[in-house]
Novice: 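If you scroll down you'll find the structure; I have some questions about it.
Computed from heavy atoms alone, side chains included, the values below leave out hydrogens, waters and symmetry copies.
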Amino acid sequence: MGSTRGRGIRIAIDRGGTFTDCVGNPGTGKMEDDVIIKLLSEDPSNYHDAPLEGIRRLLSKFTGKEIPRGEPLDTSRIESIRMGTTVATNALLERKGEKIAMIVTKGFKDCLEIGNQSRPKIFDLAIRKPEVLYQTVVEIDERVTLEDYAEDPERNTTKIEARLDSNKDAELVRGLSSEAVRILKRPSGDEVKTQLRALYDQGFRSIAVCLTHGYTFPDHEALVGRLAHEIGFEHVSLSHELMPMIKLVPRATSACADAYLTPAIKKYIAGFEAGFEGGLGTESVKKESGSKGARCEFMQSDGGLVDVAQFSGLRAILSGPAGGVVGYALTSYDPETRTPVIGFDMGGTSTDVSRYGSGRYEHVFETTTAGVTIQSPQLDINTVAAGGGSRLFFRNGLFVVGPESAGAHPGPACYRKGGPLTVTDANLFLGRLLPDFFPKIFGKNEDQGLDEKASERLFIELTEQINKEVSNHKDEKKMTPDEVAYGFIKIANETMTRPIRSLTEAKGYDTSQHRLATFGGAGGQHAVAIAESLGIRQILVHRYSSVLSAYGMALADVVNESQVPESKIWSDEGDAKQQLKKKMEELKYASTKKLKDQGFTQDNIVFEEYLNMRYRGTESALMIVKPEKEEVEKEFNGDDWAFGKAFVKQHEQEFGFTLPDRDIIVDDVRARGIGKSFEGLEKTVDQQLKEIRAKDVEDDKKYGTSKVYFEGGRRETPIYKLEDLNVGDRLKGPAICADGTQTIIVTPGATALVIDTHVVINLGEGEGESAKVNAEVVDPIMLSIFAHRFMAIAEQMGRALQKTSVSTNVKERLDYSCALFDSTGGLVANAPHLPVHLGSMSTCVRTQAEIWKGKLKRGDVVVSNHPEFGGTHLPDITVITPAFSGDDIIFYVASRAHHADIGGILPGSMPPHSRELWQEGAAIKAEKLVSEGKFNEKRITELLYDEPAQYPECSGTRCLADNLNDLKAQIAANQKGINLITTLIEDYGEKLVQFYMRNIQDNAESSVRNLLKDVSRRFEGQDLSAVDYMDDGSPIKLKITINAEKGEAVFDFDGTGPEVYGNTNAPQAVTYSAIIYCLRCLISEDIPLNQGCLKPITVRIPPKSFLSPSDKAAVVGGNVLTSQRVTDVIFKCFQACAASQGDCNNLTFGFGGNLSSSSSPTRGFGYYETIAGGSGAGPTWDGTSGVHTHMTNTRITDAEVFERRYPVLLREFGLREGSGGKGQHPGGEGVVRDIEFRIPVQVSILSERRVYHPYGLEGGEDAACGINYWVRKVQKGGRGEDKDEWEDRWINMGGKNTASMQKGERIVVVTPGGGGWGKVGGERKVKRERDPQEAWRKGSLASRAETQETS
């Protein structure tokens, strides 16, 4: 267990979902003296608490006398108990926490219902947002805001002295973040007391309090907390005490999670402590009399231990998995060689991935678990698959693994409970999992082993089904059950490899420079294949790999985390640095005191010091650790507080560039106090490998042999028991090495070496793809593999684009798409799936391929954004690169990025009132951006900067440097794609890659044909038709005629209105995107989204209509408004669901700019947002409130960030009651967004559904229209009235307008609801399907994916 200090028995426990693992040491600290016990987490007929039972068994073993069950355990011999537990996670998943109420600022009662307004899954019509944790909300009539705003071009800062008692009633005070805070309304103590008393009388005993800007001005929260304690509330979670970080919604969710979970944890701990004589925790150890207590610490989500008395719900979510990260980090990483490690934890119900490098844990500060977004330091642990329990499917001609899981009940088919086929069954069937080494806990009496026959029977059935579906010819070779099972293993490995690569590369690291540390029961069966795919050459499997989470608890340190907000501009010299140092010292002093109270001496306390830093104008803050001594001397001229230089260095490494002309802002000061209790392993892996004398294992150590399936067939494979092997024994693959808890597969070409602490696997040439692949007949396994590989190429292009880009739109909002196309310009793979880019990029590439046919050479790159040439709107610029074989183009890659500005009449190039295309900025039809490797900077500058400025009232691009940098990033991303496909061609051959490029399109085509046949049957062959109207009365008319025999359809928009003198014209590419999006939603399964989706579809758009406008027509509204109406019309034809809000509610405001008519530019700022509404109900679901729908999914800026960055006061952001259409299934509610401006600004709104209501279906009622109000300050003008008096007048702005608003004036955007389904009073038929990924741990990987889908 490593060297430890203390008086006696040391116990570490991980209470997991299925098993509880216990590791005990009698006090020697030697690994050979450890005792391991594994028991079921739930076994009520034998014991009521698994950890208590584990401790009883360990104490019985160490003391040599059997302790009867139920007898209080003597703590006098115990030095410490350390635990990780799933109590909090289970309570969250099962929604079995405390009954709580949430207290928020007036105007924000629905802030958690709306969240960030995006929907979790973009193709789900039945939108399911996570349920909130509270039962009721109380709004407190109080308000504060920040006096200054970050986007102020003059950089004005209000100087405020520190608060004193003498100025406690001041309206302007200094917040904890050093910012000036204006108090607009103080809460009335009596009123708050009355509100809290009412909650108490309703039976609430736990409350969560989160008030706006409470992170920097906590006084009002503190008042609510004090009054709540006086009334008698048992638990009060105040957001500023839990995590004083900016962002209202995550802080409010965190406060709710803490209030919801902490009482459940305290209840569990009280029951646990009752099983001991002498008590647990620091206080019990200090006791002067009676039985001496034992130290008891719980693992927190951040990888640090905390005393039992301080353990809280907020920091308990990742308690168990965190132990595994600590376990592999401290046993696999060598501080001398500094080789980083990827942790691969594959258990029965989940596969978790993390990374450890530089000798420090990687933390994230905002993660989502069970639908709840938590703001708290947590290890960056990411679930990438459902583990051994991942279910196996053959769908639409493809092999699919997960994400659905068989869970613990019924479990895999081989668990003897009638479960489905899983990855575990595939491993068992192929001989890669040995029943002899698996616990015999199955069957009616729980005394039987795994059921191999059940797995075999289901694989034979599935193989017959697959052969029947894919076989076209009688003489065609049929697949065998072995090949099918092995195919699923390969797809499982591909499914896991893609996210692991994403996680590592997104942080700027190369996967091949890592080791893979595998643990968990199933990790050893997949580790070699995973490592091979990632280019990793060495795998470490700890001897305790199946109980590594518990072992990690034993090695972990006690941690005290503290953090305070800040807003200072960094400078290497001067006051700011000194003030930051002072704050840090205050945090360290408080932390030291708390650690000393837990028995640590000054010698055992160390600190990690952090500043959370970012460049001004960006949102990507980096948590920068204080540089180490070696780094200080080598790189920072001996400055041990060189945080600024360290930030620049890390920014360069992670993002590929720096911004030397921008201020660096410090957002938070953080100190991580560590009480060291573990003194390191005797020898690291690298030290052992240096000293070891390896020898081939002797034959007589063989346990037996078995026929195990590897690439190409079954091979006679020796089996070894881990305990029979000696240090220095080397196994050559193929081989299996196993004990009672794990099975390690050593594949042909690999070797395994046994050392003291690990089994080290070194990869040779590996299994590879040695089986010859036929390029004449489609192999469904290879088709599935290529689907993953093509998608992985598009994803890696996206990461290259993000890393090398500069603008906020691309780097932070991830508003881009990268894609791979065949030689005709047909889409093969696209990532991420931004709905409006789906079909339109292909239109663009095909158009350019035709224009440049025979004229392109190696090193040429083409650029276009014109609507007539496949563009959507002008800010989306597409860069296309051809790839050659000889003189022939064999494929294209393209990247499309949203550029923040490309000129025109308004900053942002999204004017609400444009009438002509030139008013919207630079329009590029078909130009060479690069000619034979030379970047044409002169020509692109003319196109972006000079040409737009020639039009009246227009400017060229307002950020040319960003445009050029982002275009170069797009070129680099395309080159990355070409290099990756070239590698794929080297591996498989050009013929085979081209063959599967075509067949992956055929696969999508077949899915759409099947859908159309089903629809035709449902509507008995009738034509489908629908019409809807834009607010100006322009009709969108659609008739869909389906050929049921062929599975083909004609989408005919004849009767659609003419081109409009406005900006709601939609380029043809937008309609194609809407069609692909709707088809994918209707198929409701994950199919490859490519050109094949449109092959069975003929689209007829009348020329000169507003869906096929002329090349000079304005189109900015077509992309964001008309696309939504086209979607509504298509769904109406299919009778799929009632109309959603059919709108994006585009709001912009700001001042300044560079107009052609003015002599000099005015410095200013611009802001753009889209606002949610209601979604339409359907046959088996209710509509969802306050959410974005269909062609958009952008997040809203958090209320506190909004007010920090811009001169605004958000008075209300809530649901609009009664706006959803009534029905058997009601539509979702729209929202009310009320913004007051604190300085004069130009405000523009571009919206729809202000005239025509979102329709209901099947007797459901229509939803309410939206309305936009300008609350204007006007002089009272009546007779006899005082002319100096002013009043608020509410003015309807209409759907599309712009106005100069003065200080104190407001815009109130009231958005439409969603239509209802079915007649009011009809029997509800809502299906509640559980998301198979609900329990997944969503660290930085999921956060990135969500950001991409909400850009």
Novice: Under 6.0 Å between ring centres: does that hold for Y996 and Y988?
Specialist: no
Novice: Return yes if some donor-acceptor pair links the side-chain N/O of Q1001 with the main-chain N/O of L827 below 3.5 Å, else return no.
Specialist: yes
Novice: Is there a side-chain contact between L984 and F790 in this structure, where contact means two heavy atoms from C-beta onward sitting under 4.5 Å apart?
Specialist: yes
Novice: Only one of N1119, T872, L874 passes side-chain contact (heavy atoms from CB on, under 4.5 Å) with P867; say which it is.
Specialist: L874
Novice: Take I1075 and F1051 through the side-chain contact (heavy atoms from CB on, under 4.5 Å) test and state the conclusion after the steps.
Specialist: CA-CA 9 Å; I1075 291 170; F1051 280 58; 4.0 Å; yes
Novice: Would you check if the side chain of D966 reaches a backbone N or O of H899 as a donor-acceptor pair within less than 3.5 Å?
Specialist: no
Novice: Are F821 and F891 close enough that their ring centers fall under 6.0 Å?
Specialist: no
Novice: Tell me whether N1043 contacts the main-chain N or O of E1045 through its side chain, where contact means a donor paired with an acceptor under 3.5 Å.
Specialist: yes
Novice: In plain terms, say whether E932 and K857 are close enough for a salt bridge, that is, a side-chain N and a carboxylate O under 4.0 Å apart.
Specialist: yes
Novice: Is a side-chain donor-acceptor pair under 3.5 Å present for D1052 with T1041?
Specialist: no
Novice: Can you list the steps and then say if F344 with H526 is a ring-ring contact (aromatic ring centres under 6.0 Å, His included)?
Specialist: CA-CA 10 Å; F344 178 67; H526 296 262; 7.4 Å; no
Novice: If we check side-chain contact (heavy atoms from CB on, under 4.5 Å) with H866, which of these qualifies: T847, D1111, V1115, I924?
Specialist: D1111
Novice: Would you call the rings of F1131 and Y1077 parallel, tilted or perpendicular, taking 30° and 60° as the class edges?
Specialist: perpendicular
Novice: Under a 3.5 Å distance rule, please check whether N1003 uses its side chain to pair with a backbone N or O of N396 as donor and acceptor.
Specialist: yes
Novice: Should the pair R896-D876 be classified as a salt bridge under the 4.0 Å nitrogen-to-oxygen rule?
Specialist: no
Novice: Is there a donor-acceptor pair closer than 3.5 Å between any side-chain N or O of S864 and the backbone N or O of K925?
Specialist: yes
Novice: Ignoring hydrogens and geometry beyond distance, is a side-chain donor-acceptor pair present between T843 and Q1068 at under 3.5 Å?
Specialist: no
Novice: Going by the angle between their ring planes, with limits at 30° and 60°, are F459 and F488 parallel, tilted or perpendicular?
Specialist: tilted
Novice: Taking distance alone, no hydrogens or angles, what donor-acceptor pairs closer than 3.5 Å link side-chain atoms of residues 1008-1016 to residues at least two apart or in another chain?
Specialist:
| unit_1 | atom_1 | unit_2 | atom_2 | d |
| --- | --- | --- | --- | --- |
| R1009 | NE | E1005 | OE2 | 3.0 |
| R1009 | NH1 | K1046 | O | 3.0 |
| R1009 | NH1 | E1048 | OE2 | 3.3 |
| R1009 | NH2 | E1005 | OE2 | 2.7 |
| N1010 | ND2 | S1006 | O | 3.3 |
| D1014 | OD1 | R1017 | NH2 | 2.3 |

